[in-house]
Number of protein chains: 2
Amino acid sequence: MKNEIQRDRLKSRAEAVSGFYQKTGRMPSFSEIGEMLGLRSKNAVSKLVSRLEGMNVLEKDKTGRLIPGSIAYPVRILGTVEAGFPSPAEEELADNISLDDLLIQNRQATFLLKVSGDSMLDAGIMPGDMVIVDRSQTPKSGDIVIAEVDGAWTMKYLRRRGESVILIPANPKYKPIRPKNELKVAGVVTAVVRKYG
Amino acid sequence: MKNEIQRDRLKSRAEAVSGFYQKTGRMPSFSEIGEMLGLRSKNAVSKLVSRLEGMNVLEKDKTGRLIPGSIAYPVRILGTVEAGFPSPAEEELADNISLDDLLIQNRQATFLLKVSGDSMLDAGIMPGDMVIVDRSQTPKSGDIVIAEVDGAWTMKYLRRRGESVILIPANPKYKPIRPKNELKVAGVVTAVVRKYG
DNA sequence: CTTGACAGTGAACAAACGTTCACCTATAAT
DNA sequence: ATTATAGGTGAACGTTTGTTCACTGTCAAG
């Protein structure tokens with residue numbers, strides 16, 4: 001019983017530190033943690049920091065300053081839909097991830113585009129979706145690419161047939177395209193994102 | 001000509017600061033920036049910091065410490081696929097965003113599940129995709145939910161008919177489900193994510 | 001040529017930093 | 001009851017922090 005109250009207090013303190021980090025973009029100093037949580041000595045803060053370090057909430061760098069641990073990685077992958085939910089204890093063991101890290105390899109060369117057409121519907125890319133495009137990747141046959149054909153930009157599967165290239169839609173309403181001139185590829189689609197609501 | 005060299009140098013310095021932030025999880029101090037870039041006086045660093053502040057790369061908080069600006073937000077939304085690409089100057093004006101911020105509202109109550117079934121294919125959710133689920137949202141009619149029916153977990157559209165509830169698939173292979181017992185909803189699907197390669 | 005702007009050096013300084021130490025209180029276990 | 005542990009107070013201390021000041025050199029504009 002007392003152990004549970006203790007754990008909840010520790011968790012609520014971790015959430016306060018996490019909230020500071022989300023709000024300000026940096027970790028709090030020991031003094032700031034003390035003010036936030038009503039601790040008057042930096043030694044008490046230091047001990048709390050050690051406990052949060054053990055929970056992987058945060059880390060200390062070589063100068064003793066705090067850097068974010070799991071709080072920089074906002075979500076957990078819990079398994080499959082059909083497998084259902086792990087227990088709270090099992091859930092605590094799941095690694096936290098960041099979607100930015102998961103979906104973006106080369107930050108300098110990656111951008112988002114909104115999808116307005118329906119030519120890739122059978123590939124699960126619907127109007128209103130967003131595609132993540134990496135300019136630095138070399139397109140391989142089978143990749144989904146953003147390309148300029150006859151002065152118009154489009155998104156399709158790229159297929160290589162010998163020396164030539166075809167752009168293939170994923171919707172029977174549209175026909176494959178055989179570019180007359182040299183194909184200009186802006187980038188490779190590396191991910192799709194859809195937000196509801 | 002000289003202006004372009006200057007701008008490239010500033011950009012490369014911005015990327016060095018960004019790289020430090022990505023690698024360590026915190027912003028560098030003035031001293032660290034000086035060591036990184038070969039500047040020997042903190043005043044020179046201070047002036048560079050002001051220039052980077054003007055570029056929205058970083059900000060200074062009220063204590064003078066650096067916090068990330070656009071470097072915490074790794075991608076830009078550039079427009080629609082069909083509209084094509086803006087000029088580099090126009091691209092610089094586009095806001096940077098974070099996918100974590102875009103897709104996750106309530107960090108404490110959000111998690112990822114992998115999709116293995118095909119019951120929501122016509123909704124553009126394919127096997128291998130990941131869905132983002134928010135435990136804290138109250139499901140409304142029309143929402144996609146993760147629910148437990150007859151001891152098995154599933155993902156479907158939730159429809160309310162008066163007092164009762166139906167779970168509707170987005171694939172003609174499957175039939176709507178009318179739960180016999182009280183429906184247990186684990187959360188509302190707020191986003192879908194698919195990664196290629 | 002002169003002047004001003006820009007980018008940088010070097011040093012001083014007050015404030016803030018985390019670490020360490022001595023200590024206290026409450027609680028649980030023996 | 002005694003002892004050990006956990007969580008906290010308060011102060012001292014060496015190090016690091018960003019700010020401010022005085023100054024230098026280069027380049028571009030008039």
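Chain naming here is simple, since letters A, B, ... match the order of the sequence lines and numbering starts at 1 in each.
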Original post:
Considering heavy-atom distances to DNA chain C, does B/Gly38 or B/Arg65 have its closest nucleotide positioned more toward the 5' end?
Top reply: B/Gly38
Original post:
Between B/Glu32 and B/Arg26, is the closest basic N to carboxylate O distance under 4.0 Å?
Top reply: yes
Subject >> Any residue of residues 47-54 of chain B with a heavy atom less than 4.0 Å from an atom of DNA chain C >> reply: B/Lys47, B/Arg51
**OP:** Using atom CD of B/Gln6 as one end and atom C1' of D/dC27 as the other, report the distance to the nearest whole Å.
**Re:** 11 Å
Original post:
Out of D/dT19, C/dT19, D/dT17, which has the shortest distance to the side chain of B/Lys60?
Top reply: D/dT19
Original post:
Roughly how many Å is it from CG in A/Leu66 to P in D/dT17, rounded to a whole number?
Top reply: 15 Å
Subject >> Nearest-Å distance for atom pair CD/P, residues B/Glu32 and D/dT16 >> reply: 11 Å
**OP:** May I ask you to evaluate whether B/Ser29 reaches the phosphate of D/dT17, defined as a side-chain N or O under 4.0 Å from OP1 or OP2?
**Re:** yes
Original post:
Can you tell me how far CD1 of B/Ile33 sits from CG of B/Leu39, rounded to the nearest 0.5 angstrom?
Top reply: 9.0 Å
Subject >> Atom pair distance, as rounded to whole Å: CG in B/Asp61 and C1' in C/dA16 >> reply: 12 Å
Original post:
Choosing from C/dG8, D/dG7, D/dT19, which nucleotide comes nearest the side chain of B/Phe30?
Top reply: D/dT19
**OP:** Using atom types as modelled and distance alone, determine if a side-chain donor or acceptor of A/Thr24 lies under 3.5 Å from a backbone N or O of A/Phe20.
**Re:** yes
Original post:
Is there a donor-acceptor contact under 3.5 Å from the side chain of A/Asn171 to the main chain of A/Tyr174?
Top reply: no
**OP:** Any pair with a residue in residues 106-129 of chain A that passes salt bridge (Lys or Arg N to Asp or Glu O under 4.0 Å), sequence neighbours left out, goes on the list, sorted by first then second residue, please.
**Re:** A/Asp101-A/Arg107, A/Asp118-A/Lys173, A/Asp129-A/Arg194
Subject >> Length of the CG-C1' vector between A/Leu39 and D/dG10, whole Å >> reply: 13 Å
**OP:** Kindly write out the residues that satisfy salt bridge (Lys or Arg N to Asp or Glu O under 4.0 Å) with B/Lys184, not counting sequence neighbours, or none if the list is empty.
**Re:** B/Glu148
Subject >> Any B/Thr63 side-chain nitrogen or oxygen under 4.0 Å from OP1 or OP2 of D/dG18 >> reply: no
**OP:** Could you tell me which non-hydrogen atom of B/Thr138 sits nearest to which non-hydrogen atom of B/Val188, and how far apart they are?
**Re:** C-CG2, 4.3 Å
Original post:
If every non-hydrogen atom of B/Tyr196 is compared with every non-hydrogen atom of A/Ala191, which pair is closest and at what distance?
Top reply: CD1-N, 3.9 Å
**OP:** For the residue pair A/Leu48 and A/Val45, establish whether any side-chain heavy-atom pair is separated by less than 4.5 Å.
**Re:** no
**OP:** Would you jot down, in residue-number order, the residues of residues 10-27 of chain A having a non-hydrogen atom under 4.0 Å from DNA chain C?
**Re:** none
Which atoms of nucleotides 10-12 of chain C (N or O only) lie under 3.5 Å from a protein N or O atom, and what are those distances?
| residue | atom | partner | partner atom | Å |
| --- | --- | --- | --- | --- |
| C/dG10 | OP1 | B/Arg40 | NH2 | 3.0 |
| C/dG10 | OP2 | B/Arg40 | NE | 3.0 |
| C/dG10 | OP2 | B/Arg40 | NH2 | 3.1 |

Original post:
What are the two closest heavy atoms between A/Val133 and A/Ile146, and how far apart are they?
Top reply: CG2-CG1, 3.8 Å
Original post:
Are the charged groups of B/Asp8 and B/Lys11 less than 4.0 angstrom apart, N to O?
Top reply: no
Subject >> Atom pair distance, as rounded to whole Å: CD1 in B/Ile33 and C1' in C/dA7 >> reply: 16 Å
Report all side-chain donor-acceptor pairs from residues 76-83 of chain A shorter than 3.5 Å, counting only partners two or more places apart or in another chain.
| residue | atom | partner | partner atom | Å |
| --- | --- | --- | --- | --- |
| A/Arg76 | NE | A/Glu91 | O | 3.4 |
| A/Arg76 | NE | A/Ala94 | O | 3.2 |
| A/Arg76 | NE | A/Asn96 | OD1 | 3.2 |
| A/Thr80 | OG1 | A/Ala83 | N | 3.1 |
| A/Glu82 | OE1 | B/Ser116 | OG | 2.7 |

Original post:
Quick one: A/Glu35 CD to D/dG8 P, roughly how many Å, whole number?
Top reply: 17 Å
